[in-house]
Amino acid sequence: MSENIILRPAELQDVHNIHLLLHEYARQGVLLNRSEEDITHYLANFTVAADENSGLLGCMAVRDFGNDLLEVRSLAIRPDLRKSGIGRKLIAKAIERLNNDRQTYRLFALTLQPGFFERLGFEVVEKELFPEKIWADCVHCPKRERCDEIAVIYHGTPA
Ligand SMILES: CC(C)(COP(=O)(O)OP(=O)(O)OC[C@H]1O[C@@H](n2cnc3c(N)ncnc32)[C@H](O)[C@@H]1OP(=O)(O)O)[C@@H](O)C(=O)NCCC(=O)NCCS
């Protein structure tokens, strides 16, 4: 991995690699699988971490539910590059953009890695706090009857 990590909006040429990365973690039951069609449809939500040598290093999507409630989803770092600061950079980018765009917001995630999010200023909350529509995705999840994900939230109040 080069020193020069670029965070940029995802492009059509990234779709296949995003799919492969998410599929690898979906296979392990860590993330929800997403088809290339689904990724393409929601491409505008995705940011990728890349460098000039090795292509895709990680990805993240932010979904807007309206009412200043947003979700971090499909956050994944290439397995061999975990714990090298790329996840932190992607979340910091999401927060920077939201701080520029909004007066106040709530950014949440459903995750098996709450410790990572807590390091970045999120707090653990009850999943039941979120409106029902957020669970629309759960019908596609093989673990829907035995959900083990933890909800974390970041309260953005830019100065
Ligand atoms: C979870 C994940 C996104 C974290 O990204 P990463 O690039 O490995 O994390 P970073 O190196 O940026 O870590 C930032 C900080 O969080 C800590 N951290 C990372 N993963 C952690 C974990 N699972 N538990 C507790 N702390 C963690 C790091 O040690 C670092 O701490 P520091 O402040 O002392 O430096 C990545 O490991 C991943 O892709 N996991 C598999 C998919 C997944 O679970 N995605 C989240 C779904 S919402």
Side-chain angles (χ1 to χ4, degrees), residues 1-10 14-36 38-39 42-65 69-99 105-131 133-144 146-156:
M1 179 179 70
S2 113
E3 288 294 292
N4 297 322
I5 297 177
I6 302 154
L7 302 186
R8 59 165 173 79
D14 299 312
V15 168
H16 182 63
N17 287 335
I18 292 172
H19 170 72
L20 290 180
L21 181 57
L22 297 180
H23 182 74
E24 173 57 26
Y25 285 119
R27 221 175 38 81
Q28 299 169 22
V30 174
L31 288 180
L32 205 55
N33 202 21
R34 297 185 68 172
S35 66
E36 294 200 15
D38 184 54
I39 295 164
Y42 289 103
L43 198 60
N45 291 352
F46 275 89
T47 299
V48 296
D51 72 2
E52 68 276 18
N53 302 325
S54 39
L56 188 78
L57 311 177
C59 65
M60 167 195 67
V62 174
R63 178 172 172 185
D64 189 347
F65 281 98
L69 178 67
L70 305 102
E71 179 188 13
V72 173
R73 57 199 325 247
S74 302
L75 172 64
I77 309 306
R78 225 174 66 189
D80 56 316
L81 297 176
R82 285 172 72 171
K83 297 263 175 99
S84 54
I86 301 171
R88 178 196 289 280
K89 283 190 168 66
L90 281 165
I91 294 290
K93 174 59 82 178
I95 288 174
E96 180 192 312
R97 284 193 191 126
L98 292 168
N99 282 350
Y105 60 90
R106 292 167 298 150
L107 180 63
F108 77 95
L110 298 169
T111 184
L112 299 177
Q113 308 291 342
F116 164 72
F117 285 94
E118 286 179 301
R119 297 287 300 166
L120 305 184
F122 287 70
E123 59 177 290
V124 172
V125 288
E126 294 295 324
K127 280 184 278 202
E128 289 68 24
L129 280 181
F130 299 108
K133 65 176 179 176
I134 289 167
W135 306 109
D137 279 340
C138 301
V139 294
H140 305 300
C141 179
K143 294 196 283 186
R144 62 187 171 279
R146 47 189 170 83
C147 176
D148 50 2
E149 292 193 316
I150 293 167
V152 292
I153 196 160
Y154 178 88
H155 293 275

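Just so you know, ligand 1 is whichever comes first in the structure, and atom 1 is the first atom listed for that ligand.
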* Please identify which atoms of ligand 1 are closer than 4.0 Å to at least one heavy atom of Gly115. => 24 (N), 25 (C), 26 (N)

* Nearest protein heavy-atom contact for atom 27 (C) of ligand 1: which residue, which atom, what distance? -> Phe116 CA, 3.7 Å

* Which atoms from ligand 1 have a heavy atom of Leu110 less than 4.0 Å away? -> 48 (S)

* **Lys143 side chain vs Asp148 backbone, donor-acceptor pair below 3.5 Å** => no

* **Atoms in ligand 1 flagged as close to Gly85, the criterion being non-hydrogen separation under 4.0 Å** => 10 (P), 11 (O), 12 (O)

* To do: Mind listing the closest non-hydrogen atom pair of Glu71 and Leu110 along with its distance?
  => OE2-CD1, 4.4 Å

* Is there a nitrogen or oxygen of Thr111 sitting under 3.5 Å from a nitrogen or oxygen of ligand 1? -> no

* Asked: Is it true that Leu112 lies under 4.0 Å from ligand 1, counting heavy atoms only?
  -> no

* Structure fact -> Heavy-atom proximity to atom 37 (O) of ligand 1 ranks first, among Glu149, Met60, Arg82, for Arg82

* To do: Among all protein heavy atoms, pick out the one at the shortest distance from atom 41 (C) of ligand 1; state its residue, atom name and that distance to 0.1 Å.
  => Tyr25 CE2, 3.4 Å

* **Proximal ligand 1 atoms for Val30, defined as those under 4.0 Å from one of its heavy atoms** => 42 (C), 43 (C), 44 (O)

* Asked: For atom 23 (N) of ligand 1, what's the nearest protein heavy atom and its distance?
  -> Gln113 OE1, 2.5 Å

* Structure fact -> Nearest non-hydrogen contact to atom 8 (O) of ligand 1 from the set Gln28, Lys89, Lys83, Arg78 belongs to Lys83

* To do: Can you spot which of Phe65, Phe122, Tyr154 makes a side chain to side chain contact (heavy atoms under 4.5 Å, CB included) with Phe108?
  => Phe65

* To do: Could you tell me whether Glu126 atom CD has more than 12 heavy atoms of other residues or ligands within 6.0 Å of it?
  => no

* What pair of heavy atoms forms the shortest contact from Ala76 to Leu22, and how long is it? -> CB-CD2, 4.0 Å

* Which of the ligand 1 atoms, numbered from 1, are nearer than 4.0 Å to a heavy atom of Arg88 -> 12 (O), 15 (C), 31 (O), 32 (P), 33 (O), 35 (O)

* To do: Mark up the atoms of ligand 1 that fall under 4.0 Å of a heavy atom belonging to Leu75, in ascending order.
  => 3 (C), 42 (C), 43 (C), 45 (N), 46 (C), 47 (C)

* side chain to side chain contact (heavy atoms under 4.5 Å, CB included) with Leu56: which of Leu20, Val48, Asp51? -> Val48

* Please lay out, stage by stage, how Thr47 and Arg97 fare under the test side chain to side chain contact (heavy atoms under 4.5 Å, CB included). => CA-CA 11 Å; Thr47 299; Arg97 284 193 191 126; 2.8 Å; yes

* **Nearest-contact summary for atom 2 (C) of ligand 1 - protein heavy atom, Å** => Ile77 CG1, 4.4 Å

* Between Ser84 and ligand 1, which part of the residue brings a heavy atom under 4.0 Å of the ligand: side chain, backbone, both or neither? -> backbone

* To do: Below 4.0 angstrom from a heavy atom of Leu31, which ligand 1 atoms are there? Numbered from 1 as shown, please.
  => 45 (N), 47 (C)

* Structure fact -> Counting from 1 in the order shown, the ligand 1 atoms closer than 4.0 Å to a non-hydrogen atom of Ala76 are 39 (O)

* Asked: Where is the nearest protein heavy atom to atom 7 (O) of ligand 1: which residue, which atom, and how far?
  -> Gly87 N, 2.8 Å

* Please state which protein non-hydrogen atom is closest to atom 34 (O) of ligand 1 and give its distance, to 0.1 Å? -> Arg119 NH2, 2.7 Å

* **Closest contact, heavy atoms only, Pro114 versus Ile150** => CG-CD1, 3.7 Å

* Asked: CG/Leu57 to NZ/Lys89 distance, rounded to the nearest 0.5 angstrom?
  -> 10.0 Å

* With side chain to side chain contact (heavy atoms under 4.5 Å, CB included) as the test, would you mind laying out the steps for Ile91 and Phe116 before giving the verdict? => CA-CA 10 Å; Ile91 294 290; Phe116 164 72; 4.1 Å; yes

